[in-house]
Amino acid sequence: MDRPPTAFEQRVYAAISQIPAGCVTTYRELARYLDCGSAQAIGQALKRNPYAPEVPCHRVVKADMGLGGYHGETEEGPTLQRKRQRLLDEGIEFTSAGKIAASHHYTFPISKHDDTQA
DNA sequence: AGATTGACTAACC
DNA sequence: AGGTTAGCCAATC
């Protein structure tokens, strides 16, 4: 099934590509960066994942810092384990709760009211 | 064009 | 702490 990539999807992929290695972001932050307001729309675009290995979608986790899903699978399986292993390979550490360490939580350069950067 | 889903989230019980 | 409900936005049927 070849779907024409929508502008929204391209935004998602572009945003994920901006995530540095060893860092992860949440669907929520990602959605906010895209001014979407809904993280589910992000997952909807990623679940199709037309650019599977090209887009580091494994760096996108849930707001609960859980793994989330990968390649269309949400339950614990070989696919989710692969995602976790990939994050470990990036240097990301997991807590005993099976979640990502907050230190690896990367936030997008959102210029809302915080102009301490620019 | 309308209804349903979905790699989510927050709130509620 | 865990299960359910509602809300959200875009894609798909």
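Letters A, B, ... are given to chains in the order of the sequence lines, protein chains preceding strands, and every chain is numbered from 1. Note that the structure is a prediction, hence the values are computed from the model and not measured.
Residue A/Gln40 is the one, among A/Phe8 and A/Gln40, whose nearest nucleotide of DNA chain C lies closer to the 5' end (criterion: closest heavy atom).
Annotation: side chain of A/Tyr70 is in contact with side chain of A/Arg86 (closest heavy-atom distance under 4.5 Å). The shortest distance between side-chain heavy atoms of A/Ser38 and A/Tyr27 does not fall below 4.5 Å. Looking only at side-chain heavy atoms (C-beta outward), A/Thr25 and A/Tyr33 stay at 4.5 Å or farther from each other.
One interatomic measurement links the two molecules: CZ of A/Arg32 to C1' of B/dC8, which rounds to 16 Å at whole-angstrom precision. Straight-line distance from the CD atom of A/Gln44 to the P atom of C/dA11: 9 Å, rounded to whole Å. The nearest whole Å value for the distance from the CG atom in A/Leu34 to the C1' atom in B/dA7 is 15 Å. In this structure, the CG atom of A/Leu46 is 16 Å from the C1' atom of B/dT5, given to the nearest Å. In this structure, A/Arg11 places its CZ atom 13 Å from P of C/dC9, rounding to the nearest Å. Rounded to whole Å, the distance from OH on A/Tyr13 to C1' on C/dA10 is 12 Å. Rounded to a whole Å, the CG atom of A/Asp35 is 14 Å from the C1' atom of C/dA10. When the C1' atom of B/dA7 is taken as reference, atom CE of A/Met65 falls 17 Å away, rounded to whole Å.
Checked by atom type and distance alone, the side chain of A/Tyr13 pairs as donor or acceptor with a backbone atom of A/Ala45 at under 3.5 Å. Within the 3.5 Å criterion, the main-chain N or O of A/Gly22 finds a donor-acceptor partner in the side chain of A/His104.
When each of C/dC9, C/dA11, B/dA7 is scored by its nearest atom to the side-chain atoms of A/Thr6, the top-ranked nucleotide is C/dA11. Comparing B/dA7, C/dC9, C/dA11 against the side chain of A/Ser38 picks out C/dC9 as the nearest. Of the listed nucleotides (C/dT12, C/dA11, B/dA7), B/dA7 has the atom at the smallest distance from the side chain of A/Tyr70. Which of C/dC9, B/dA7, C/dA11 sits closest to the side chain of A/Cys36 comes down to C/dC9.
Closest approach of A/Leu80 and A/Glu73 over heavy atoms only: CD2-O, 3.1 Å.
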Sequence neighbours left out, cut at 3.5 Å: what donor-acceptor pairs do the side chains of residues 58-68 of chain A make with other protein atoms?
| from | atom 1 | to | atom 2 | distance (Å) |
| --- | --- | --- | --- | --- |
| A/Arg59 | NH1 | A/Ile19 | O | 2.7 |
| A/Arg59 | NH2 | A/Glu90 | OE1 | 3.2 |
| A/Asp64 | OD2 | A/Lys99 | NZ | 2.3 |

Atom pairs, protein N/O to nucleotides 9-11 of chain B N/O, distance under 3.5 Å:
| from | atom 1 | to | atom 2 | distance (Å) |
| --- | --- | --- | --- | --- |
| B/dT9 | OP1 | A/Ala63 | N | 2.4 |
| B/dT9 | OP2 | A/Ala63 | N | 3.2 |
| B/dT9 | O3' | A/Arg28 | NE | 3.3 |
| B/dA10 | OP1 | A/Arg28 | NE | 2.8 |

